[in-house]
Peer 1: 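One structure, as structure tokens, below. Some questions next.
All chains are named by letter (A, B, ...) in the order of the sequence lines, taking the proteins before the strands, and each is independently numbered beginning at 1.
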Number of protein chains: 2
Amino acid sequence: MLSIDLRDARPIYEQIADGIEQMAMHGIYQPDEQLPSVRQLAMELSINPNTIQRAYAELEHRKVTYSVKGKGSFISKDCQQLRIRKLSEIKKQLRNVAEQAVELGASRQQLIEWIQEKGE
Amino acid sequence: MLSIDLRDARPIYEQIADGIEQMAMHGIYQPDEQLPSVRQLAMELSINPNTIQRAYAELEHRKVTYSVKGKGSFISKDCQQLRIRKLSEIKKQLRNVAEQAVELGASRQQLIEWIQEKGE
DNA sequence: TAACTGTAACAACGCAAATAGTACAGTTGG
DNA sequence: CCAACTGTACTATTTGCGTTGTTACAGTTA
């Protein structure tokens, strides 16, 4: 479920966009499934409609959703491809962080152990 | 060399703090080595001295440097311990990113291959 | 036609980052 | 001692961003 954390450093519209993107990537939202309307979600979260609109615009820009005037906003049809694109971003991040670790003196073997460690 | 990127999302004082911390971690700055004075660095970078002061305060808070009134700001004596602390932060980041990748469908084996791939 | 949808525009507010200027306090070398 | 350097503190101001509140327009649907 979508929730807003005011202590979160991210702005509200970004939390909403990230949350919905997560749900789409994880299959909680299905392709072509309709999102709650701008005004309805604004009511539910007690947030100004403009903020929701901005979140939806961000989602559309990320190609996670598409919007149709008068009808609503919907999850994109090709979530699979989006997941792959997202994964490739995360690969970059991973390699970036790994490089930083190596520069600070960690061995590649060490990194692998860190990834394989279980828990918490 | 320290440089400021105005397109960078991070505030200037943070860019400066990060940059100096990097140099300290990588041994470019030696323990007890003196940093440029607040006013001198402000001149060099064409930035207000207050911004530099804030960066130096941040560095002191991170225990990367220590300051002495009337004398100057200096790199901490125990850079080694700082390097280890920094490395443990990076470990957290690595495990965090790895978890995200797994949630999106990557296998742990896949992550290990990504880390071992030689850089593009 | 009424009630819903997305979209656009504008003013207002709060907040944090950054700037600007001034002042105070400690150290150092001549 | 003194001038010139160091860090530090404080206040006022500007700027940009996020959010709110409001109003309005355009398209869809029952």
Peer 1: Has the side chain of Arg10(A) got a donor or acceptor atom sitting under 3.5 Å from an opposite partner on the base of dG18(D)?
Peer 2: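 Absent.
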
Peer 1: Rounded to whole angstroms, how far apart are NE2 on His61(B) and P on dT8(D)?
Peer 2: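 Answer to the nearest Å: 14 Å.
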
Peer 1: Please report, rounded to the nearest Å, how far the C1' atom of dT8(D) is from the CG atom of Leu59(B).
Peer 2: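 My rounded result for the distance is 16 Å.
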
Peer 1: Would you say the side chain of Gln110(A) lies within less than 4.5 Å of the side chain of Lys91(B), judging by non-hydrogen atoms?
Peer 2: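 No - every pair of side-chain heavy atoms lies 4.5 Å or more apart.
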
Peer 1: If only side-chain N and O atoms count, and only distance matters, is there a donor-acceptor pair under 3.5 Å linking Gln93(A) with Glu89(A)?
Peer 2: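 No, because no side-chain N or O of Glu89(A) sits under 3.5 Å from a partner of the opposite role on Gln93(A).
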
Peer 1: Do Ile47(A) and Tyr13(A) sit in one hydrophobic cluster, given that two such residues count as connected whenever their side-chain heavy atoms are within less than 4.5 Å of each other, even indirectly?
Peer 2: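 No; tracing contacts between hydrophobic side chains, which count when under 4.5 Å, never links both residues.
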
Peer 1: Scan Arg54(B) against the nucleic acid and name what it touches under 4.0 Å (heavy atoms): base, sugar-phosphate only, or nothing.
Peer 2: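 Sugar-phosphate: the residue Arg54(B), judged by heavy atoms under 4.0 Å, touches backbone atoms but no base.
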
Peer 1: Whole-Å distance between dA11(C) P and Asn48(A) CG?
Peer 2: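 My rounded result for the distance is 17 Å.
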
Peer 1: Should we count CD of Gln34(A) as having more than 12 external heavy atoms under 6.0 Å?
Peer 2: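 Yes - once you tally the heavy atoms of other residues, nucleotides and ligands closer than 6.0 Å, there are more than 12.
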
Peer 1: Map Glu14(A) and Ser37(B) onto DNA chain D by nearest heavy atom, then report which one ends up closer to the 5' terminus.
Peer 2: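 Of the two residues, Ser37(B) wins.
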
Peer 1: Can you tell me if the side-chain N/O atoms of Tyr13(A) get under 4.0 Å from OP1 or OP2 in dT19(D)?
Peer 2: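 Looking at the OP1 and OP2 atoms of dT19(D), neither is under 4.0 Å from any side-chain N or O of Tyr13(A).
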
Peer 1: What's the NZ-P distance between Lys69(A) and dA3(C), to the nearest Å?
Peer 2: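 Atom-to-atom, Lys69(A) to dA3(C), this comes out as 22 Å.
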
Peer 1: Does Thr51(A) put a side-chain nitrogen or oxygen below 4.0 Å from OP1 or OP2 of dT19(D)?
Peer 2: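 So the side-chain polar atoms of Thr51(A) never come under 4.0 Å of the phosphate oxygens OP1 or OP2 of dT19(D).
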
Peer 1: From CG of Leu41(B) over to P of dC5(D), roughly how many Å is that when rounded to an integer?
Peer 2: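 Taking atom P of dC5(D) as the reference, CG of Leu41(B) is at 17 Å.
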
Peer 1: Rounded to whole angstroms, how far apart are CD on Gln53(B) and P on dA18(C)?
Peer 2: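 Checked: the CD to P distance equals 14 Å.
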
Peer 1: Name the closest nucleotide to the Ile12(B) side chain, picking from dA18(C), dG7(D), dT8(D).
Peer 2: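 Between dA18(C), dG7(D), dT8(D), the one nearest the side chain of Ile12(B) would be dA18(C).
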
Peer 1: Side-chain donor or acceptor of Asn50(B) under 3.5 Å from a matching atom on the base of dG21(C)?
Peer 2: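 It does, because a donor-acceptor pair links the side chain of Asn50(B) to the base of dG21(C) below 3.5 Å.
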
Peer 1: May I have the distance from Arg39(A) (atom CZ) to dT28(D) (atom C1'), rounded to whole angstrom?
Peer 2: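 Atom CZ in Arg39(A) sits about 13 Å away from atom C1' in dT28(D).
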
Peer 1: Measure from the side chain of Lys71(B), starting at C-beta and using heavy atoms only, and say which of dT28(C), dT19(C), dT22(D) lies closest.
Peer 2: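 It is dT28(C).
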
Peer 1: Starting at atom CD of Gln34(A), determine the distance to atom C1' of dT29(D), rounded to an integer number of angstrom.
Peer 2: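 From Gln34(A) CD to dT29(D) C1': 12 Å.
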
